[in-house]
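All values derive from a computational prediction rather than experimental measurement. Here, residue 1 is the first one in the sequence, and each next residue gets the next number.
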Amino acid sequence: MDNLIIEKLEKKDLKEAVSIYDTNHNLKTNFQKLLSEYDKIYQNPDYHNIVAKLDGKIVGMATIVINHDIVEELHPFLTVWNLGVHKDYRRQKVGTHLLDYIYNYAKSLGCDFIALIAEKDNISAQKFYESLGYQKEIGFIKLIDKEKW
């Protein structure tokens, strides 16, 4: 994967990137709403969307949020959301490259840790994260409008 490039998501690439997540989760993102929110999202310095491109085609994506801690030494930490790899490019190290990029970015910011969530029934994702040194912790979520999920 010498020609894999990881870079910030650009507005022109939104549809292609979001389709990876939608396809992987059998969802349909409200693209018109995304376009209307785009500038607000991308002007937030703590919010980053990155893509992995192979020969110009988006094959992976992730959202990174920098969280500013208010305890201990006040070191930031990162949360990772919407990590996804196009189904035709899985098991080709795209996810590994994305998470390596995220790790190096977190390290450059002086972050104490990176947090991400894998659904409880997504065993392959859990094994993948563990293979990269992520430790399984206990976490909880509460869905606000359960019917939407």
Trainee: Working to the nearest 0.5 angstrom, can you tell me the gap between Ser108 OG and Tyr103 OH?
Mentor: 11.0 Å
Trainee: Let me see the working for Glu130 and Lys127 under salt bridge (Lys or Arg N to Asp or Glu O under 4.0 Å), right down to the final yes or no.
Mentor: CA-CA 5 Å; Glu130 287 174 340; Lys127 288 181 180 179; over 6 Å; no
Trainee: Taking Asn24 for the side chain and Gly84 for the main chain, is one N or O donor matched with an acceptor at less than 3.5 Å?
Mentor: no
Trainee: Can you measure from NZ (Lys15) to CG (Asp22) and round to the nearest 0.5 angstrom?
Mentor: 10.5 Å
Trainee: Is it true that His25 and Tyr21 have ring centroids separated by less than 6.0 Å?
Mentor: yes
Trainee: Could you measure the distance from the OG atom of Ser36 to the CD1 atom of Ile41? Nearest 0.5 Å is fine.
Mentor: 8.5 Å
Trainee: For a 4.5 angstrom cut-off between non-hydrogen side-chain atoms, does Val51 reach Glu10?
Mentor: no
Trainee: Would the distance check show the side chain of Thr23 and the main-chain N or O of Ile20 forming a donor-acceptor pair, the cut-off being under 3.5 Å?
Mentor: no
Trainee: Measuring from Leu78:CG to Ile64:CD1, what's the distance to the nearest 0.5 Å?
Mentor: 6.5 Å
Trainee: What are the two closest heavy atoms between Phe77 and Phe113, and how far apart are they?
Mentor: CB-O, 3.3 Å
Trainee: List the atom of Gly110, the atom of Pro76, and the distance in Å for their closest heavy-atom pair.
Mentor: O-CD, 3.8 Å
Trainee: Distance from Ile66 atom CD1 to Asn44 atom CG, nearest 0.5 Å?
Mentor: 8.5 Å
Trainee: Test of understanding: clusters of I, L, V, M, F, W, Y form through side-chain heavy atoms closer than 4.5 Å, transitively. Do Ile123 and Leu99 belong to the same one?
Mentor: no
Trainee: Would you check if Lys87 and Arg90 make a side-chain contact, meaning some heavy-atom pair closer than 4.5 Å?
Mentor: yes
Trainee: For side chain to side chain contact (heavy atoms under 4.5 Å, CB included), just list the numbers for Val59 and Lys57, CA-CA rounded to whole Å, side-chain angles, deciding distance to a tenth of an Å, and then say yes or no.
Mentor: CA-CA 6 Å; Val59 297; Lys57 177 180 175 51; 4.3 Å; yes
Trainee: Between His97 and Ile6, is the side chain to side chain contact (heavy atoms under 4.5 Å, CB included) condition met? List the steps.
Mentor: CA-CA 8 Å; His97 286 287; Ile6 307 226; 4.0 Å; yes
Trainee: Shared ILVMFWY cluster between Leu74 and Ile114, side chains joined below 4.5 angstrom?
Mentor: no
Trainee: Can you name the closest pair of heavy atoms from Met61 and Leu98 and give their distance?
Mentor: N-CD1, 3.8 Å
Trainee: Indicate the atoms forming the closest heavy-atom contact of Leu83 with Ala62, along with that distance.
Mentor: CD1-CB, 3.7 Å
Trainee: Run the side chain to side chain contact (heavy atoms under 4.5 Å, CB included) check on Val85 and Gln92 step by step: do they pass?
Mentor: CA-CA 10 Å; Val85 174; Gln92 296 182 37; over 6 Å; no
Trainee: What is the minimum heavy-atom distance between Tyr89 and Val94, and which atoms define it?
Mentor: O-CG2, 3.8 Å
Trainee: Judged by atom type as modelled, is there a donor-acceptor pair below 3.5 Å linking the side chain of Asn104 to the main-chain atoms of Asp100?
Mentor: yes
Trainee: Rounded to the nearest 0.5 Å, what's the gap from CD on Glu16 to CG on Leu9? Could you check?
Mentor: 10.0 Å
Trainee: Can you name the closest pair of heavy atoms from Pro45 and His48 and give their distance?
Mentor: O-NE2, 3.0 Å
Trainee: Going through the checks in order, is the side chain to side chain contact (heavy atoms under 4.5 Å, CB included) test met by Phe128 and Thr96?
Mentor: CA-CA 9 Å; Phe128 169 64; Thr96 301; 3.5 Å; yes
Trainee: Check the hydrophobic clustering (I, L, V, M, F, W, Y; side-chain heavy atoms under 4.5 Å; chains of links allowed) and say if Tyr101 and Leu109 are grouped together.
Mentor: yes
Trainee: May I have all residue pairs that pass side-chain hydrogen bond (donor to acceptor under 3.5 Å, both in side chains) and include part of residues 63-80, sequence neighbours excluded?
Mentor: Asp46-His68, Asn49-Thr63, Thr63-Asn82, Asn67-Thr79, His75-Asp112, Thr79-Trp81
Trainee: Mind checking what makes ring-ring contact (aromatic ring centres under 6.0 Å, His included) contact with Tyr38, not counting sequence neighbours?
Mentor: Tyr42
